[in-house]
Asker: 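Handing you this structure, nothing more for now.
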Amino acid sequence: MNQKEQINLSAVPKHIAIIMDGNGRWAKQQGENRIYGHYEGVNSVRSVVEGAGEVGVKYLTLYAFSTENWNRPKEEVDALMELLVSTISMETAELHKKNVRLMAIGNLDSLPKSCLEELNESIKLTENNTGLTLVLALSYSAKWEIIHAVKQIATKVKNNELSVEDISELELEKHLCTHSIPEPELMIRTSGEHRISNFLLWQLAYSEFYFTEILWPDFRKIDLFTAILNYQNRERRFGKTSEQLL
Ligand code: FPP
(Lines give C-alpha, C1' and ligand atoms only; values in the text may rest on other atoms or scores of the structure.)
Protein backbone atom coordinates (compact mmCIF):
# COMPACT_ATOMS: atom_id res chain seq x y z
CA MET A 1 0.00 0.00 0.00
CA ASN A 2 1.29 3.45 -0.78
CA GLN A 3 1.33 6.32 1.70
CA LYS A 4 -1.98 7.78 0.58
CA GLU A 5 -3.85 4.45 0.76
CA GLN A 6 -2.67 3.92 4.34
CA ILE A 7 -4.22 7.18 5.55
CA ASN A 8 -7.38 6.80 7.64
CA LEU A 9 -9.58 9.29 5.79
CA SER A 10 -11.92 9.68 8.75
CA ALA A 11 -9.09 10.94 11.00
CA VAL A 12 -7.27 13.38 8.74
CA PRO A 13 -6.28 16.63 10.49
CA LYS A 14 -8.81 19.34 9.62
CA HIS A 15 -6.09 21.96 9.68
CA ILE A 16 -2.40 21.54 8.82
CA ALA A 17 0.05 24.42 9.18
CA ILE A 18 3.44 24.37 7.46
CA ILE A 19 6.67 26.30 7.95
CA MET A 20 8.18 26.01 4.48
CA ASP A 21 11.90 26.18 5.23
CA GLY A 22 15.12 25.43 3.38
CA ASN A 23 14.66 27.20 0.04
CA GLY A 24 17.96 29.07 0.39
CA ARG A 25 19.96 25.99 1.35
CA TRP A 26 18.39 23.97 -1.46
CA ALA A 27 19.38 26.64 -3.99
CA LYS A 28 22.92 26.77 -2.62
CA GLN A 29 23.22 22.98 -3.02
CA GLN A 30 22.30 23.47 -6.70
CA GLY A 31 24.90 26.24 -7.06
CA GLU A 32 22.12 28.80 -7.59
CA ASN A 33 21.10 31.94 -5.73
CA ARG A 34 18.49 31.87 -2.95
CA ILE A 35 15.73 33.25 -5.14
CA TYR A 36 15.90 30.17 -7.36
CA GLY A 37 15.01 28.14 -4.26
CA HIS A 38 11.88 30.21 -3.65
CA TYR A 39 10.78 29.69 -7.27
CA GLU A 40 11.23 25.95 -6.91
CA GLY A 41 9.30 26.14 -3.65
CA VAL A 42 6.19 27.05 -5.59
CA ASN A 43 6.16 23.55 -7.15
CA SER A 44 6.07 22.14 -3.64
CA VAL A 45 3.19 24.45 -2.73
CA ARG A 46 1.24 23.22 -5.76
CA SER A 47 1.84 19.57 -4.92
CA VAL A 48 0.97 19.98 -1.25
CA VAL A 49 -2.24 21.92 -1.99
CA GLU A 50 -3.27 19.15 -4.36
CA GLY A 51 -2.41 16.43 -1.82
CA ALA A 52 -4.24 18.19 1.00
CA GLY A 53 -7.36 18.40 -1.17
CA GLU A 54 -7.10 14.72 -2.14
CA VAL A 55 -7.25 13.45 1.45
CA GLY A 56 -9.83 15.95 2.68
CA VAL A 57 -7.77 18.44 4.72
CA LYS A 58 -10.07 21.43 5.23
CA TYR A 59 -7.50 24.14 6.07
CA LEU A 60 -3.86 24.44 5.00
CA THR A 61 -1.87 27.37 6.36
CA LEU A 62 1.47 28.15 4.74
CA TYR A 63 4.02 30.47 6.32
CA ALA A 64 4.97 32.29 3.12
CA PHE A 65 6.49 35.49 4.54
CA SER A 66 7.17 36.42 8.15
CA THR A 67 7.39 39.88 9.67
CA GLU A 68 11.08 39.12 10.24
CA ASN A 69 11.57 38.31 6.53
CA TRP A 70 11.35 42.07 5.80
CA ASN A 71 14.90 42.24 7.18
CA ARG A 72 16.32 40.10 4.37
CA PRO A 73 18.33 41.80 1.59
CA LYS A 74 16.07 44.09 -0.45
CA GLU A 75 16.74 42.08 -3.59
CA GLU A 76 15.39 38.91 -1.96
CA VAL A 77 12.34 40.68 -0.44
CA ASP A 78 11.48 42.21 -3.83
CA ALA A 79 11.87 38.86 -5.56
CA LEU A 80 9.66 37.14 -3.01
CA MET A 81 6.93 39.77 -3.39
CA GLU A 82 7.13 39.48 -7.16
CA LEU A 83 6.95 35.70 -6.88
CA LEU A 84 3.90 35.95 -4.66
CA VAL A 85 2.11 38.24 -7.09
CA SER A 86 2.95 36.12 -10.13
CA THR A 87 2.12 32.84 -8.39
CA ILE A 88 -1.22 34.09 -7.13
CA SER A 89 -2.13 35.52 -10.51
CA MET A 90 -1.09 32.36 -12.38
CA GLU A 91 -2.55 29.81 -9.99
CA THR A 92 -5.88 31.40 -9.06
CA ALA A 93 -7.83 29.96 -11.99
CA GLU A 94 -6.63 26.46 -11.13
CA LEU A 95 -7.35 26.94 -7.42
CA HIS A 96 -10.84 28.13 -8.29
CA LYS A 97 -11.39 25.13 -10.55
CA LYS A 98 -10.33 22.86 -7.68
CA ASN A 99 -12.90 24.56 -5.38
CA VAL A 100 -10.11 25.99 -3.18
CA ARG A 101 -10.86 29.08 -1.12
CA LEU A 102 -7.94 31.47 -0.64
CA MET A 103 -7.42 33.43 2.57
CA ALA A 104 -4.55 35.48 3.97
CA ILE A 105 -3.46 36.30 7.52
CA GLY A 106 -0.91 38.82 8.72
CA ASN A 107 -0.20 42.50 8.56
CA LEU A 108 -1.48 42.65 4.99
CA ASP A 109 -1.42 46.44 4.83
CA SER A 110 2.37 46.29 4.86
CA LEU A 111 2.46 44.37 1.56
CA PRO A 112 3.22 46.22 -1.69
CA LYS A 113 0.05 47.51 -3.33
CA SER A 114 0.37 45.19 -6.35
CA CYS A 115 0.63 42.17 -4.08
CA LEU A 116 -2.33 43.18 -1.95
CA GLU A 117 -4.49 43.88 -5.02
CA GLU A 118 -3.70 40.51 -6.60
CA LEU A 119 -4.35 38.79 -3.31
CA ASN A 120 -7.67 40.53 -2.68
CA GLU A 121 -8.85 39.73 -6.18
CA SER A 122 -8.15 36.02 -5.71
CA ILE A 123 -9.67 36.00 -2.25
CA LYS A 124 -12.83 37.60 -3.62
CA LEU A 125 -13.06 35.23 -6.58
CA THR A 126 -12.72 32.11 -4.44
CA GLU A 127 -14.61 33.22 -1.31
CA ASN A 128 -17.59 30.92 -1.86
CA ASN A 129 -15.57 27.80 -2.65
CA THR A 130 -16.25 24.91 -0.32
CA GLY A 131 -13.20 22.64 -0.71
CA LEU A 132 -9.81 23.25 0.88
CA THR A 133 -9.19 26.66 2.45
CA LEU A 134 -5.64 27.73 1.64
CA VAL A 135 -4.43 30.29 4.18
CA LEU A 136 -1.32 32.26 3.26
CA ALA A 137 0.51 33.79 6.22
CA LEU A 138 2.01 36.96 4.75
CA SER A 139 3.92 39.56 6.71
CA TYR A 140 2.74 37.46 9.61
CA SER A 141 4.16 37.00 13.08
CA ALA A 142 2.27 35.57 16.04
CA LYS A 143 3.54 38.24 18.45
CA TRP A 144 2.26 40.93 16.09
CA GLU A 145 -1.09 39.12 15.87
CA ILE A 146 -1.46 38.79 19.65
CA ILE A 147 -0.56 42.45 20.26
CA HIS A 148 -3.04 43.45 17.56
CA ALA A 149 -5.74 41.42 19.36
CA VAL A 150 -4.83 42.85 22.76
CA LYS A 151 -5.08 46.41 21.41
CA GLN A 152 -8.58 45.70 20.07
CA ILE A 153 -9.65 44.24 23.41
CA ALA A 154 -8.16 47.21 25.31
CA THR A 155 -10.12 49.57 23.08
CA LYS A 156 -13.34 47.68 23.83
CA VAL A 157 -12.63 47.94 27.58
CA LYS A 158 -11.86 51.65 27.25
CA ASN A 159 -15.16 52.19 25.40
CA ASN A 160 -17.06 50.23 28.08
CA GLU A 161 -18.03 47.56 25.55
CA LEU A 162 -16.28 44.83 27.54
CA SER A 163 -15.43 44.35 31.21
CA VAL A 164 -11.99 43.14 32.33
CA GLU A 165 -13.66 40.06 33.90
CA ASP A 166 -15.02 39.06 30.50
CA ILE A 167 -11.59 38.82 28.88
CA SER A 168 -11.32 35.11 28.17
CA GLU A 169 -9.59 32.73 25.74
CA LEU A 170 -12.67 32.93 23.55
CA GLU A 171 -12.61 36.74 23.57
CA LEU A 172 -8.94 36.85 22.60
CA GLU A 173 -9.48 34.27 19.84
CA LYS A 174 -12.20 36.45 18.36
CA HIS A 175 -9.55 39.06 17.63
CA LEU A 176 -6.90 36.79 16.10
CA CYS A 177 -6.51 36.69 12.31
CA THR A 178 -7.57 33.03 12.49
CA HIS A 179 -10.89 33.69 14.28
CA SER A 180 -12.89 31.75 11.69
CA ILE A 181 -10.46 28.84 11.44
CA PRO A 182 -10.10 25.79 13.72
CA GLU A 183 -6.73 25.32 15.46
CA PRO A 184 -4.20 23.22 13.53
CA GLU A 185 -3.94 19.62 14.72
CA LEU A 186 -0.63 19.25 12.91
CA MET A 187 2.29 21.61 12.27
CA ILE A 188 5.01 20.60 9.84
CA ARG A 189 8.43 22.24 9.51
CA THR A 190 10.84 21.25 6.79
CA SER A 191 14.64 21.48 6.52
CA GLY A 192 15.63 19.98 9.87
CA GLU A 193 15.04 23.11 11.93
CA HIS A 194 13.19 22.53 15.19
CA ARG A 195 11.82 25.99 15.92
CA ILE A 196 8.40 27.65 15.90
CA SER A 197 9.74 31.02 14.63
CA ASN A 198 6.87 33.25 15.72
CA PHE A 199 4.27 31.17 13.83
CA LEU A 200 0.73 30.75 15.26
CA LEU A 201 1.97 30.76 18.87
CA TRP A 202 -1.54 30.80 20.32
CA GLN A 203 -3.13 28.40 17.85
CA LEU A 204 -0.41 25.73 18.11
CA ALA A 205 -0.91 25.24 21.86
CA TYR A 206 -2.06 21.61 21.46
CA SER A 207 -0.83 20.81 17.95
CA GLU A 208 1.34 17.87 17.08
CA PHE A 209 4.67 18.89 15.54
CA TYR A 210 6.30 17.01 12.70
CA PHE A 211 9.84 17.85 11.64
CA THR A 212 11.52 16.56 8.52
CA GLU A 213 15.02 17.01 7.09
CA ILE A 214 13.56 17.48 3.59
CA LEU A 215 14.21 20.96 2.20
CA TRP A 216 11.00 22.72 1.10
CA PRO A 217 11.70 22.63 -2.68
CA ASP A 218 12.00 18.81 -2.42
CA PHE A 219 8.80 18.42 -0.37
CA ARG A 220 5.89 16.84 -2.26
CA LYS A 221 2.42 15.55 -1.48
CA ILE A 222 3.84 12.10 -0.65
CA ASP A 223 5.81 13.76 2.16
CA LEU A 224 2.59 15.41 3.38
CA PHE A 225 0.96 11.97 3.42
CA THR A 226 3.91 10.60 5.43
CA ALA A 227 3.44 13.41 7.96
CA ILE A 228 -0.31 12.69 8.21
CA LEU A 229 0.39 8.98 8.77
CA ASN A 230 2.90 9.83 11.47
CA TYR A 231 0.27 12.07 13.10
CA GLN A 232 -2.33 9.32 12.96
CA ASN A 233 -0.04 7.04 14.93
CA ARG A 234 0.20 9.47 17.83
CA GLU A 235 -2.06 9.77 20.84
CA ARG A 236 -3.37 13.27 21.50
CA ARG A 237 -4.06 13.66 25.21
CA PHE A 238 -4.77 17.38 25.75
CA GLY A 239 -3.26 17.15 29.24
CA LYS A 240 -5.24 14.03 30.20
CA THR A 241 -3.88 10.54 30.98
CA SER A 242 -4.09 7.71 28.41
CA GLU A 243 -6.70 5.95 30.57
CA GLN A 244 -8.98 8.98 30.60
CA LEU A 245 -9.13 8.86 26.82
CA LEU A 246 -10.52 5.28 26.77
C1 FPP B 1 12.06 29.77 3.81
O2 FPP B 1 13.25 29.32 3.23
C3 FPP B 1 11.08 30.19 2.80
C4 FPP B 1 10.56 31.46 2.65
C5 FPP B 1 10.92 32.57 3.54
C6 FPP B 1 9.62 31.79 1.57
C7 FPP B 1 8.58 30.79 1.24
C8 FPP B 1 7.98 31.12 -0.06
C9 FPP B 1 7.69 30.24 -1.05
C10 FPP B 1 7.85 28.79 -0.93
C11 FPP B 1 7.21 30.72 -2.37
C12 FPP B 1 5.90 31.38 -2.46
C13 FPP B 1 4.78 30.71 -1.81
C14 FPP B 1 3.49 30.85 -2.13
C15 FPP B 1 2.45 30.36 -1.20
C16 FPP B 1 3.02 31.49 -3.38
P17 FPP B 1 14.59 30.09 3.56
O18 FPP B 1 14.79 31.14 2.55
O19 FPP B 1 14.56 30.58 4.98
O20 FPP B 1 15.66 28.95 3.41
P21 FPP B 1 17.02 28.75 4.23
O22 FPP B 1 16.63 28.53 5.65
O23 FPP B 1 17.62 27.55 3.59
O24 FPP B 1 17.83 29.99 4.03
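None of the values given here were measured: they were computed from a predicted structure. Whatever order the structure lists ligands and atoms in, that order sets their numbers, starting from 1. Below, all heavy atoms of this structure are taken into account, side chains as well, without hydrogens, waters or symmetry copies.
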Asker: Provide the full list of salt bridge (charged side-chain N to carboxylate O under 4.0 Å, His left out) pairs with a residue in residues 123-132, sequence neighbours left out, each pair given once.
Answerer: Lys124-Glu127
Asker: Does Glu50 come within less than 4.0 Å of Arg46, counting only side-chain N to carboxylate O?
Answerer: no
Asker: Please report which non-hydrogen protein atom sits nearest to atom 5 (C) of ligand 1, along with the residue it belongs to and the distance in Å to one decimal place.
Answerer: Asn69 OD1, 3.6 Å
Asker: In the protein, which heavy atom is nearest to atom 3 (C) of ligand 1, and how far is it?
Answerer: Met20 O, 3.2 Å
Asker: Under 3.5 Å between some N or O of ligand 1 and some N or O of Gly24?
Answerer: yes
Asker: Less than 3.5 Å between some nitrogen or oxygen of Tyr63 and one of ligand 1, yes or no?
Answerer: no
Asker: Does ligand 1 have any atom sitting under 4.0 Å from a heavy atom of Arg72?
Answerer: yes
Asker: Hey, does the side chain of Arg34 reach the backbone of Glu76 with a donor-acceptor pair shorter than 3.5 angstrom?
Answerer: no
Asker: Return the residue, atom name and 0.1 Å-rounded distance of the protein heavy atom closest to atom 15 (C) of ligand 1.
Answerer: Leu136 CD2, 3.5 Å
Asker: Check ligand 1 against Arg25 and write out every atom of the ligand that is under 4.0 Å from a heavy-atom position of the residue.
Answerer: 21 (P), 22 (O), 23 (O)
Asker: Which residue, Leu134, Val135, Ile16, forms the side-chain contact (heavy atoms from CB on, under 4.5 Å) with Leu62?
Answerer: Leu134
Asker: Just to be sure I read this right, does ligand 1 sit under 4.0 Å from the backbone of Ile88, its side chain, both, or neither, counting only heavy atoms?
Answerer: neither
Asker: Is the Phe209 ring parallel, tilted or perpendicular to the Phe211 ring (thresholds 30°, 60°)?
Answerer: perpendicular
Asker: Looking only at protein heavy atoms, which one is nearest to atom 13 (C) of ligand 1, and what is the separation?
Answerer: Val45 CG2, 4.1 Å
Asker: Only counting residues at least two apart or in another chain, list the ones meeting side-chain contact (heavy atoms from CB on, under 4.5 Å) with Val55.
Answerer: Lys4, Ile7, Leu9, Val12, Val57, Phe225, Ile228
Asker: Does ligand 1 have a heavy atom under 4.0 Å from the side chain of Leu215, from its backbone, from both, or from neither?
Answerer: neither
Asker: Is there at least one pair of N or O atoms, one from Asp21 and one from ligand 1, spaced under 3.5 Å apart?
Answerer: yes
Asker: Where is the nearest protein heavy atom to atom 9 (C) of ligand 1: which residue, which atom, and how far?
Answerer: Asn23 ND2, 4.0 Å
Asker: If every non-hydrogen atom of His15 is compared with every non-hydrogen atom of Glu185, which pair is closest and at what distance?
Answerer: N-OE1, 2.9 Å
Asker: Quick one: nearest non-hydrogen protein atom to atom 24 (O) of ligand 1, plus distance?
Answerer: Arg34 NH1, 2.9 Å
Asker: I'd like to know if the side chain of Trp216 and the backbone of Gly41 have a donor-acceptor N/O pair within less than 3.5 Å.
Answerer: yes
Asker: In Å, rounded to the nearest 0.5 Å, how long is the span from CD1 of Ile196 to CD1 of Ile19?
Answerer: 6.5 Å
Asker: I need the contact type for Trp216 against ligand 1. Using non-hydrogen atoms and a strict under-4.0 Å cut-off, is it side chain, backbone, both or neither?
Answerer: side chain
Asker: Pairing donors with acceptors under 3.5 angstrom, does anything connect the side chains of Ser66 and Asn69?
Answerer: yes
Asker: So which heavy atom in the protein is nearest atom 14 (C) of ligand 1, and how far is it from that ligand atom?
Answerer: Leu84 CD2, 4.0 Å
Asker: Once you measure the plane-to-plane angle for Phe199 and Tyr140, does it fall in the parallel (<30°), tilted (30-60°) or perpendicular (>60°) bin?
Answerer: perpendicular
Asker: Please state whether Ser191 comes within less than 4.0 angstrom of ligand 1, counting heavy atoms only.
Answerer: no
Asker: Distance under 4.0 Å to a non-hydrogen atom of Thr87: what atoms of ligand 1 satisfy this?
Answerer: 16 (C)
Asker: Which residue holds the protein heavy atom closest to atom 8 (C) of ligand 1, what is that atom called, and what is the gap in Å?
Answerer: Ala64 O, 3.8 Å
